[in-house]
Amino acid sequence: MATSLSIESSISIPANCFTPKGYVKSHPATGLLSTRYGDRLIAVPELLLRSIPKTLRAEAGEASYLALYTFGDNWGKTFCKRIMQDTVKYYRQPILETIAAEFFVNVQEAWAVHGLGRPEIDFRLAERGLLVVSIANSGIGGDAPIAADATYRSFSLEAGFLAGWFSALTDKQLKACASNWREAPASLEFLVGSVAHIESIERSHLEVGMLTPEILNSL
């Protein structure tokens, strides 16, 4: 029994890969931040995040929404690949061998430590090819409301980010759209699915002013 206890007590159960205390490293001498693997991190002032959409809108009009979506799409793909690499390094096992519940906890922590909020995924419409994603305390989209009369009202930086994230995660080209753009909620909501499916929902639902509850009830 004593031997068994000794062996069990020596087993190390890893903490969450993205716990801030272990994941973020500061270097006072240089003023830089990095991950535990030495990848550079940057802190973006909230004022800058608010200024970019406003400046783009002033310069490009409604096309600014599409520009932000495209930027977000590329950012989401890059971010996903980096998080997957960090996860594999830390747990020393392929992503496909990770327990689903643990994987999504890691995703939430990864987003939170990077200041992106906490995502929640509703799989109830997965059989119909849709995911409903809500993001609480968004760090990149909550202060950039979309005008009610905008043509591209379902486009946003965060919608693009989600599209890129899930595209990289599934190795398929997906699209996302904001589905409660008319409000200023604490938790933003998005629909994620194939490009054709999301574009169809945009035409038949979002363009006539329907929001998340109405959309889900009609699908």
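The chain is numbered in sequence order, starting from 1. Computed from a prediction, not measured in an experiment: that's the story for all the values here. Quick note: numbers below take in every heavy atom, side chains included, and nothing from hydrogens, waters or symmetry partners.
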Donor-acceptor contact present, side-chain Ser64 to main-chain Ala60, <3.5 Å: no
Atom CG in Leu66, atom CG in Leu56: separation rounded to 0.5 Å? 11.0 Å
For residues Phe103 and Leu96: do they belong to one hydrophobic cluster (side chain heavy atoms under 4.5 Å, members Ile, Leu, Val, Met, Phe, Trp, Tyr)? no
Other residues, nucleotides, ligands: >12 heavy atoms within 6.0 Å of Lys81 NZ: no
Run the side-chain contact (heavy atoms from CB on, under 4.5 Å) check on Tyr69 and Glu158 step by step: do they pass? CA-CA 7 Å; Tyr69 182 93; Glu158 198 155 32; over 6 Å; no
Value for OG1 (Thr78) from CZ (Arg82), rounded to nearest 0.5 Å, stands at 10.0 Å
Name the residue from Glu109, Glu102, Gln108 that meets the side chain to side chain contact (heavy atoms under 4.5 Å, CB included) definition with Asn16. Glu109
What one should report as the nearest heavy-atom pair of Ala159 and Phe190 is N-CE2, 3.7 Å
Geometric class of the Trp75/Phe71 ring pair [parallel <30°, tilted 30-60°, perpendicular >60°]: tilted
When you compare the side chain of Leu131 with that of Leu125, does any pair of heavy atoms fall below 4.5 Å? no
Mind listing the closest non-hydrogen atom pair of Ala163 and Leu174 along with its distance? CB-O, 3.7 Å
Check for me, please, whether Val192 and Ile121 land in the same ILVMFWY cluster - side-chain distances under 4.5 Å, paths through other members count. yes
Heavy atoms only: give me the nearest Leu32-Arg40 pair and the separation to one decimal. CD2-NH2, 3.7 Å
Would you please indicate yes or no on a ring centroid separation below 6.0 angstrom for Phe104 and Phe123? yes
Between atom CG of Leu33 and atom NZ of Lys25, what is the distance when rounded to the nearest 0.5 Å? 12.0 Å
Tell me the closest heavy-atom pair linking Ile95 and Met84, and the distance in Å. CD1-SD, 3.9 Å
Check against side-chain contact (heavy atoms from CB on, under 4.5 Å), Gln173 and Val195: CA-CA 7 Å; Gln173 187 57 45; Val195 174; 4.2 Å; yes
I'd like to know if the side chain of Tyr91 and the backbone of Cys17 have a donor-acceptor N/O pair within less than 3.5 Å. yes
Are the side chains of Val88 and Gln93 in touch, meaning some heavy atoms are under 4.5 Å apart? no
In one Ile/Leu/Val/Met/Phe/Trp/Tyr side-chain cluster, 4.5 Å: Leu47, Leu68: no
Do Tyr90 and Tyr37 have their ring centres less than 6.0 Å from each other? no
Taking atom CD of Glu97 as the centre, report whether more than 12 heavy atoms of other residues, nucleotides or ligands fall under 6.0 Å from it. yes
Just so I know, are the side chains of Val24 and Leu41 near enough to count as touching, which here means a heavy-atom distance under 4.5 Å? yes
Using atom types as modelled and distance alone, determine if a side-chain donor or acceptor of Tyr65 lies under 3.5 Å from a backbone N or O of Leu157. no
How far does NZ of Lys175 sit from CD1 of Ile201, to the nearest 0.5 angstrom? 10.5 Å
Are Phe18 and Val107 close enough, and set up right, to give a side-chain contact (heavy atoms from CB on, under 4.5 Å), and what steps lead you there? CA-CA 9 Å; Phe18 302 101; Val107 168; over 6 Å; no
Could you check whether any side-chain heavy atom of Val133 comes within less than 4.5 Å of a side-chain heavy atom of Glu120, counting everything from C-beta outward? no
Linking I/L/V/M/F/W/Y whenever their side-chain heavy atoms sit closer than 4.5 Å, directly or via other members, would Phe79 and Val105 fall into one cluster? no
Could you go through the side-chain contact (heavy atoms from CB on, under 4.5 Å) check for Ile135 and Glu189 one step at a time? CA-CA 7 Å; Ile135 303 176; Glu189 293 178 333; over 6 Å; no
Test your reading of the model: is there a side-chain donor-acceptor pair from Ser194 to the backbone of His197, 3.5 Å cut-off? yes
Side chains of Trp165 and Trp111 in contact at under 4.5 Å (non-hydrogen atoms): yes
Approximate separation, where rounding is to 0.5 Å, of Glu46 CD and Ser51 OG: 10.0 Å
Quick check: does any side chain N or O of Ser167 sit under 3.5 Å from a backbone N or O of Lys172, one acting as donor and the other as acceptor? yes
Keeping the roles fixed (side chain from Arg36, backbone from Asp86), state whether a donor-acceptor pair exists under 3.5 Å. no
Should the heavy atoms of other residues, nucleotides or ligands under 6.0 Å from CG of Leu48 be counted, would the total exceed 12? yes
Say whether Val44 and Ile83 are linked into one hydrophobic cluster, either directly or through other cluster members, by side-chain heavy-atom distances under 4.5 angstrom. yes
